Amino acid sequence: MRMEQLVALCKRRGFLFQSSEIYGGLNGFWDYGPLGVELKRNVREAWWHNMVTAHNDLAAPAGAPEPYAMTGLDCAVIMHPQVWKCSGHYDLFLDYFVDCRESNRRYRYDQIAGRWVECDAQRVFVTSYQSGDDAAAEIEQKALKFFKLRAKDKDRLRWEPGVTTLDKVGETSRVVGPDAKSLGTLTAPREFNLMFETYTGAVRDESSKTFLRPETAQGIFVNFKNVLDSTRLKVPFGIAQIGKSFRNEITPRNFTFRSREFEQMEIEFFCRPDSSAAWYRYWRDRRFRWYVELGLAGERLRLRDHDPDELSHYSCGTADIEYAFPFLAPGEFGELEGVAHRGDFDLRSHMEGKLVRAGDDFAVETDEHGRPRYRGSGKDLSYYDDETQQRFIPHVIEPSAGADRAALAFLCEAYNEDEQPDEKGVAQKRVFLKLHPRLAPIKAAVFPLVKKDGMPEIAKDIYAALKPRFPAFYDEKGAVGRRYRRQDEAGTPFCVTVDSQTLADGTVTIRDRDTLQQWRVPKDACAEEIRARLG
RNA sequence: GCGGGUGUAGCUCAACGGUAGAGCAGUAGCCUUCCAAGCUACCUACGAGGGUUCGACUCCCUUCACCCGCUCCA
């Protein structure tokens, strides 16, 4: 399947529209249309139902170390700015970049290594985008090349001591870029802040600056104590939240995959430190199965454990659930969900202040006066276990899923083409969305075979009986084959048709979207018949 | 943000410095007894803003969006 076909179908049938399309669109933002809003609601509801509503707090599900409780939360998008300073987003989401006019490459400003060198009365800063010894070696090579010297003439280079980074140099006119041959090809550094800023209250100054959340997780951490104090929950338990997050991505791309406004479905699961590894494995496998059960069953879905050097600064174990989206190169996968073992990093950060790694542990980051760089709340977020009479800071397992990415993956997987004979027996191409019935926007369509003989009246009664129970659609226009095909394209799993036999014995046909098979049921039983097949 | 490409109807594609056309889709009606049938009629477009010109969809500039590559990606 080519991605353009799916994008065209999504627009044609009302799954997804570009945001503000009549004004030319806005990069990185998307709107869900009449069918899309139902699909996405179904994704959210399947997640919330499976993770929270239907969870039995008293029994351990298969693979879980012990019984655990699940509850929910719905936090504000805008939170106290200190939340983002302590979480690390304020510093880490703020990057400086320089571009090279010669190589057309972009570099992190603080990651360009370089060294001053002088030759023939010309002093330049030669750089490399490598790090450590690789950088030193490359800088030496590049300096020789820049001054057009042979290796044996390297004594003519007068090096100043120490490799440093470009951000310590300040200006770029005497800098040789990492992939450039000439001088001064780098632009001035430009700031990229991945957090959207806004101002709270009528006065716009530094003190009123706030941020749209770049993830929903922090709202859960800062409410950890509130939930504990208001619910009598005991560790282990999880708090779920679904909500919008915002990241001012440099390059939104690939349909809705990387959007600037997106919806997350996150669980923060709090457990005893000594059992956190077992819980991490449980959630990794449990979340993977969720996608499989909703239809991402093939080779395009995979579970991938991160390499140790790939882990985030807080994490001691992360696995991605990934899907081979059609817009990616063959063999490449895009992240649907990350399941991370976050240790006690988050709760400690909001107690003590922003943490940085110190050996195997973390310590509060300090400023030049030795005080915390960003002060925490000072509130005690530890947990007292009545049974063991121990106090500890719970460890956190975080399964963090993208609702829009999941919806997109389900659409990609559902897109199918086959050939079915038309009324003359000639094979015709058919496009259909093989969505899991739980995800399908419309569960059933009701048709009179023809628009006469009292069939529309019976069909309308059936429609009226279905509609209060699940999304249904009525259509009496044109040939029935065309009506079937339209529903196939919308992913409707079942079509109910009133025909002449209905007039005689009160039965109707039910047609299956994937197999095209039909069977008869009494017309009063078709709501229950369909309900039973919705899963 | 850089380089390359593309913007005409809901979709796929034409044409032309001087009245924008087709197929499919859609709507209405007729017909139709199970898989995009037929007939009739109808609806709908030059991404946006400037400039050149008597006249611009066409030429030029700017901008926006999409695609590919780079870059980035908790």
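Letters go in sequence order (proteins before strands), and every chain restarts at 1. Everything numeric here is computed off the predicted structure, so don't read it as measured data.
- Partners of A:F327 according to the ring pair (Phe, Tyr, Trp, His ring centres under 6.0 Å) rule, which considers only residues two or more places apart in sequence or in another chain, are A:F257, A:F325.
- Cation-pi check for A:R302 over A:F333 is met; the charged atom lies under 6.0 angstrom from the ring centroid and within 45 degrees of its normal.
- A donor N or O paired with an acceptor N or O is not found under 3.5 Å between the base of B:C34 and the side-chain atoms of A:R511.
- The gap from the C1' atom of B:C60 to that of B:C70 amounts to 29 Å, rounded to the nearest Å.
- Across all strands shown, A:F432 has no heavy atoms under 4.0 Å from either base or sugar-phosphate atoms.
- Nucleic acid contact class of A:Q18 (heavy atoms, under 4.0 Å, all strands): sugar-phosphate only.
- Seen from the ring of A:F432, A:R430 counts as a face-on cation partner, given the 6.0 Å and 45° thresholds.
- Closest to the A:N27 side chain, of the nucleotides B:C35, B:C66, B:C70, is B:C66.
- B:C64 sits 37 Å from B:G26 when the P atoms are compared, rounded to a whole Å.
- Partner of A:R247 under the side-chain contact (heavy atoms from CB on, under 4.5 Å) criterion, chosen from A:H89, A:E215, A:R260, A:R213: A:E215.
- Here, B:U8 and B:A15 have their P atoms 14 Å apart, quoted to the whole Å.
- Rounding to whole angstrom units, CD of residue A:E489 and C1' of B:C11 are separated by 10 Å.
- Comparing the same atom, C1', in B:C11 and in B:C2 gives a spacing of 33 Å after rounding to whole Å.
- Taking atom C1' on both B:U44 and B:G23, the two are 15 Å apart, rounded to the nearest angstrom.
- No side-chain heavy atom of A:P326 sits under 4.5 Å from any side-chain heavy atom of A:L6.
- With sequence neighbours excluded, no residue forms a ring pair (Phe, Tyr, Trp, His ring centres under 6.0 Å) with A:H350.
- Note: A:F270 and A:F224 have tilted aromatic rings, judged against thresholds of 30 and 60 degrees for the angle between ring planes.
- Distances were taken from every side-chain heavy atom of A:R12 (C-beta onward) to each of B:C35, B:G10, B:C34; the shortest belongs to B:G10.
- Ring geometry for A:F269 versus A:W279: interplanar angle of 30 to 60°, hence tilted.
- Following rounding to the nearest Å, A:E417 (CD) and B:C35 (P) show an atom-to-atom distance of 21 Å.
- Every residue meeting the salt bridge (charged side-chain N to carboxylate O under 4.0 Å, His left out) condition with A:R511, not counting sequence neighbours, appears here in chain and number order: A:D488.
- In this structure, A:E337 places its CD atom 14 Å from C1' of B:A74, rounding to the nearest Å.
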Below 3.5 Å is the cut-off: list the nitrogen or oxygen pairs between protein and nucleotides 27-33 of chain B, distance only.
from: B:A28; atom 1: OP1; to: A:K477; atom 2: NZ; distance (Å): 3.1
from: B:U32; atom 1: O4; to: A:K451; atom 2: N; distance (Å): 3.3
from: B:U33; atom 1: O2; to: A:S500; atom 2: OG; distance (Å): 3.1
from: B:U33; atom 1: O4; to: A:D453; atom 2: OD2; distance (Å): 3.1

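- B:G10 sits 12 Å from B:G47 when the P atoms are compared, rounded to a whole Å.
- Distance CG (A:D418) to P (B:A36): 12 Å, rounded to an integer number of Å.
- Spacing of C1' atoms, B:A45 relative to B:A20, comes out at 9 Å, to the nearest Å.
- A straight line from CD of A:E4 to C1' of B:G7 spans 15 Å, rounded to a whole angstrom.
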- request: For RNA chain B, just give me the dot-bracket, please: Watson-Crick or G-U, both distances below 3.5 Å, ( ) intra-strand, [ ] crossing earlier pairs, | paired with another strand, . unpaired.
  value: (((((((..((((....[..)))).(((((.......)))))....(((((..]....))))))))))))....
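- Distances from the side chain of A:R485 to the nucleotides B:U71, B:G10, B:A36 place B:A36 closest.
- Counting only residues at least two apart or on different chains, the salt bridge (charged side-chain N to carboxylate O under 4.0 Å, His left out) pairs with a member in residues 325-337 of chain A are A:R287-A:E337.
- For the residue pair A:T497/A:Y484, the side-chain donor-acceptor check at 3.5 Å is satisfied.
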Below 3.5 Å is the cut-off: list the nitrogen or oxygen pairs between protein and nucleotides 38-41 of chain B, distance only.
none

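- Atoms CG (A:L16) and P (B:C66) sit 13 Å apart, rounded to a whole Å.
- Salt-bridge formation is not detected for the pair A:K434/A:D418: no Lys NZ or Arg NE/NH1/NH2 atom is positioned less than 4.0 Å from an Asp or Glu carboxylate oxygen.
- Of the residues in residues 399-408 of chain A, none lies under 4.0 Å from RNA chain B by heavy-atom distance.
- Between A:E335 and A:A8, the residue anchored nearer the 5' end of RNA chain B, judged by the nucleotide with its closest heavy atom, is A:A8.
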List, one per line, each side-chain donor-acceptor pair under 3.5 Å for residues 406-417 of chain A, sequence neighbours excluded.
from: A:E413; atom 1: OE1; to: A:Y323; atom 2: OH; distance (Å): 2.5
from: A:Y415; atom 1: OH; to: A:E417; atom 2: OE2; distance (Å): 3.0
from: A:N416; atom 1: ND2; to: A:A414; atom 2: O; distance (Å): 3.0
from: A:E417; atom 1: OE2; to: A:Q5; atom 2: NE2; distance (Å): 3.1

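- Between the CZ atom of A:R13 and the C1' atom of B:G10 there is a distance of 11 Å, rounded to whole Å.
- Straight-line distance from the OH atom of A:Y23 to the P atom of B:G47: 18 Å, rounded to whole Å.
- B:C43 and B:A22 have their P atoms separated by 12 Å, given to the nearest Å.
- Residues satisfying the side-chain contact (heavy atoms from CB on, under 4.5 Å) test with A:T251, not counting sequence neighbours, are A:R253.
- Note on A:F17: nothing from the nucleic acid sits closer than 4.0 angstrom, heavy atoms only.
- Evaluation of the salt bridge (charged side-chain N to carboxylate O under 4.0 Å, His left out) rule for A:K244 yields A:E261 as partners, not counting sequence neighbours.
- Looking at heavy-atom distances under 4.0 Å, A:R430 makes no contact with the nucleic acid at all.
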Side-chain donor-acceptor distances from residues 16-37 of chain A under 3.5 Å, at least two apart:
from: A:E21; atom 1: OE2; to: A:K11; atom 2: NZ; distance (Å): 3.3
from: A:W30; atom 1: NE1; to: A:F255; atom 2: O; distance (Å): 3.2
from: A:Y32; atom 1: OH; to: A:D404; atom 2: OD1; distance (Å): 2.7

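- Proximity note for A:R253 (side chain, C-beta onward) versus B:A74, B:G69, B:C34: the nearest is B:G69.
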